[in-house]
Amino acid sequence: MVIQDDDGLGSADSGPMGGGGDNSEMFRKFVQEHFKAFLKPVAQHVEDIRTDLSDLRSLVKSINASFSERVGMDEAKLAKTMQDLASLGAEHDKESSNRANDMATMSRRLGSTEGACQAATVSVQQMEVRMDATVNGLEAMKQALENSTSNANRLQLKHWQTQSLAQKLESTLAELKDEHLALCERHTTLVRSLNQTQQGADSQRLTLGALNSKVESTDKKTAEQVDSLSNRMLVLDRAFSKVKDVQLEQSKEVMAMPAELKRKRETEEEVIETTSFPKNKINILLLEGVSARGIKMLQDAGFQVEALKTALTEEELLVKIKGLHILGIRSKTQVSKKVIEASDKLLAMACFCIGTDQIDLKAAQDNGIPVFNAPFANTRSVAELIIGNIVGLSRKIGDCTAAMHRGAWFKQAIGCFEIRGKTLGIVGYGHIGAQVSVLAESMGMKVVYWDVIPKLPMGNATQISTLNELLAHSDFVSLHVPNLPSTKNMIGKEQFAQMKKGSFFLNASRGNVVVIPDLAAALKSEHLRGAYVDVFPTEPGKNGENLFESELRGCPNTLMTPHVGGSTEEAQAMIGEEVAAALLKCINEGSTYGAVNFPEVDMKKDGTMATHRLLIIHENTPGVMSSINNVFTEAKANICQQFLNTKGSVGYVVMDINVEASMEVKKKLANMDTVLKVRVLY
């Protein structure tokens, strides 16, 4: 008898149950229900395993993505692990599929016989064993993943340490590069200095050779002069003997003179012997802390010197000017026409600085008073100050310093630049402008300049034909112009607009050459990146707090100093010596060489010492010299040497004449309306 199951499969009926159809049917149903109940948790367990496997795959993908981003060197290992996991997953899927097929086949066959049920039971047991093996495999995979995670963490730590070390190496390399560049620049500077020193040494050798030749020639001339002087001494001895004879005869005549004529003759001789004004009665006033060297030079010459540390107002000067022979100032004291006209004995004035616009030069000239200054002594100090502030502006030193004094710390490189390779435009190529040019070029800058007259360039500097062209091409613009009507407010809104956006502006020349509100506007609008100003249209007359007001206060990246361009100890010492030497020559010899408002006259002394020197300051009008010459003719004066020069409305003539005629000439010249002053020396 054959039993047909639902799937059409059957088996031969055998054993004791082979002949009972109802019992077989009941057994089949019992087995089917029992097997289904057994398979349900198994299927659920398989489904859980699939879910866990899916989660593991997601975790592996996440770990793989994270490790791929951070640790490139572990990609091969992770890929292999993923491949193994994928292979295991595929095998597990295949096994699960096979088990499902087997269970389906068994479920179809279990209904027929007890043997099929036993086979199914065996298959289930085998499946459980294989499932246990799969679980063990998954646990091994989990442990492998944990080990991989630990390895990845260690690799990540090593990666961070490597990055930190790389950053330190980059920083050290940058510092070494900077040091290398600095050493290269220093080497270049030393090479240039060596070349210049070598050139100087060669020049000195040539000069020394020329001096040796000159000394030999001078020795020969000296020997000849000694011989000539010996001959002249013999002649003078003979003349002296004759003079003694004449004096004896004159003394006899004097003894025979009436008493009135005798007193007149003695008075004239006394006046002749004391022509020069006593040095200890010459009063000198020096203001604003003039250098001690200059003061000592004037004191050692025997003059009465009063030195004050501060400036004086006009009212104070009107009091001090009475009886004063020499007035020396710096930049703060203002000497007006009123002060000059109030003076009664003033011989000369001196500015112990470069500028002289603090004195009314025209009034001084009209009153016959020369004004001296020191145009070259502090040029180096001003030039160095300009170069220092060029660097300071390009690195925002002012803003950084102010921030740190407030307690702030802002380290940045944005807006900070090297000056090497940048273009410096110099307006006014005089003594200071030329020195700035040399220093800037030695630091790697390109230099262009503009001046109203053609000037020989220093180094590789280039003269520009127009001011606007210079402004348009320069990264830095520095002013070095004098105080003239043509330079007043020469840089204003229009000129700042011509400058390059982001450029820098510097002024250490004169305060009234720049329109300060226009400069402030250009800085606040950020058209200019920064500015340095040392001179201002209005400056305080003394030192102290809360005295300075300007539109530039508070402007970004703006450096300001209180008119200290030439205020170094070296410069002030040189200025003191230079101006004091000019005053000594003016007082002792009548020299006006170097005067800024006066005809320059410098005549050597008469070596015979048998003359008096007349200093005549007169109006520069037609016929004046003819009138003066008539005075000399009438006095029968013998003019040994003379030097005449004129400037503006004033003429100045220095004459050496015979002693006998000097006093008569002086009296007659002093009575002439066209003669401003007349003085007799030695």
Side-chain angles (χ1 to χ4, degrees), residues 277 282-285 287 312-329 331 333-373 375 482-486 488 512 579 582-583 585-587 589-603 614-628 631 642-655 666 668-681:
F277 193 76
I282 292 180
N283 298 315
I284 299 177
L285 175 62
L287 304 177
L312 295 182
T313 64
E314 185 179 65
E315 291 74 16
E316 292 170 331
L317 279 176
L318 288 172
V319 175
K320 284 281 190 180
I321 205 70
K322 299 296 183 181
L324 195 65
H325 297 92
I326 302 293
L327 175 62
I329 64 172
S331 58
T333 302
Q334 301 296 314
V335 183
S336 63
K337 180 179 180 181
K338 184 178 180 181
V339 172
I340 293 172
E341 291 179 345
S343 65
D344 54 351
K345 295 183 180 181
L346 202 58
L347 299 177
M349 288 187 289
C351 296
F352 286 78
C353 54
I354 293 180
T356 57
D357 49 290
Q358 60 271 42
I359 294 179
D360 190 329
L361 298 178
K362 183 66 171 59
Q365 183 188 74
D366 293 342
N367 285 272
I369 302 171
V371 177
F372 299 91
N373 70 334
N483 183 26
L484 300 172
S486 59
K488 184 175 182 179
N512 60 0
V579 177
L583 289 174
K585 286 203 72 175
C586 178
I587 298 172
E589 301 177 20
S591 172
T592 56
Y593 180 77
V596 297
N597 69 326
F598 213 73
E600 292 190 74
V601 172
D602 188 15
M603 189 171 73
L614 267 71
L615 312 177
I616 307 166
I617 303 171
H618 60 84
E619 295 178 356
N620 185 22
T621 56
V624 172
M625 285 306 300
S626 177
S627 301
I628 292 174
V631 171
Q642 67 177 355
F643 195 140
L644 169 67
N645 198 0
T646 61
K647 185 172 185 176
S649 61
V650 172
Y652 181 44
V653 59
V654 177
M655 292 185 178
K666 178 184 177 182
K668 291 183 178 181
L669 290 175
N671 293 326
M672 292 179 61
D673 294 336
T674 54
V675 175
L676 302 177
K677 288 183 180 180
V678 59
R679 187 159 64 103
V680 179
L681 291 181

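If you read the sequence from its start, that first residue is 1, and numbering goes on from there.
- No donor-acceptor pair closer than 3.5 Å links the side chain of Asp344 to the backbone N or O of Lys322.
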Determine whether Leu615 and Val678 satisfy the following criterion, side chain to side chain contact (heavy atoms under 4.5 Å, CB included), listing intermediate values before the conclusion. CA-CA 6 Å; Leu615 312 177; Val678 59; over 6 Å; no
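- A donor-acceptor contact shorter than 3.5 Å links the side chain of Thr592 to the backbone of Val601.
- In this structure a side-chain-to-backbone donor-acceptor pair under 3.5 Å is present from Asn283 to Gly323.
- With rounding to the nearest 0.5 Å, the separation of NZ in Lys320 from CG in Leu312 is 7.0 Å.
- Other residues, nucleotides and ligands place more than 12 heavy atoms under 6.0 Å from the CZ atom of Phe643.
- Between the CD1 atom in Ile616 and the NZ atom in Lys677 there is a gap of 14.5 Å [rounded to 0.5 Å].
- Panel note: side chain Asp602, backbone Tyr593; no donor-acceptor pair is recorded below 3.5 Å.
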Step by step, work out the salt bridge (Lys or Arg N to Asp or Glu O under 4.0 Å) result for Lys338 and Asp360. CA-CA 9 Å; Lys338 184 178 180 181; Asp360 190 329; over 6 Å; no
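- The line from CD of Glu619 to OG of Ser649 is 8.0 Å long, rounded to the nearest 0.5 Å.
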I would like to know whether Met349 and Ile340 meet side chain to side chain contact (heavy atoms under 4.5 Å, CB included); could you show each step before the answer? CA-CA 10 Å; Met349 288 187 289; Ile340 293 172; 4.0 Å; yes
Test side chain to side chain contact (heavy atoms under 4.5 Å, CB included) applied to Cys351 and Val596, step by step: CA-CA 10 Å; Cys351 296; Val596 297; over 6 Å; no
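- Proximity of a side-chain donor or acceptor of Asn512 to a complementary backbone N or O of Lys488 within less than 3.5 Å is not detected.
- Between Ile284 and His325, every side-chain heavy-atom pair lies at or beyond the 4.5 Å cut-off.
- Note: Leu324 CG to Leu285 CG = 5.5 Å, rounded to the nearest 0.5 Å.
- Taking CE of Met655 as the reference point, atom CG of Leu644 lies at 7.5 Å (rounded to 0.5 Å).
- No donor-acceptor pair under 3.5 Å is formed between the side chain of Gln642 and the backbone N or O of Val654.
- Other residues, nucleotides and ligands place more than 12 heavy atoms under 6.0 Å from the CG atom of Asn671.
- Closest approach of Leu681 to Ile587, counting heavy atoms only: CD2-O, 3.7 Å.
- Rounding to the nearest 0.5 Å places OH of Tyr652 at 10.5 Å from NE2 of His618.
- With hydrogens and angles disregarded, no donor-acceptor distance shorter than 3.5 Å links the side chain of Gln365 to the backbone of Val371.
- Judged purely by atom type and a 3.5 angstrom limit, Ser591 has no side-chain atom pairing as donor or acceptor with the backbone of Cys586.
- Side-chain atoms of Thr333 and Leu317, non-hydrogen and from C-beta on, do get closer than 4.5 Å to each other.
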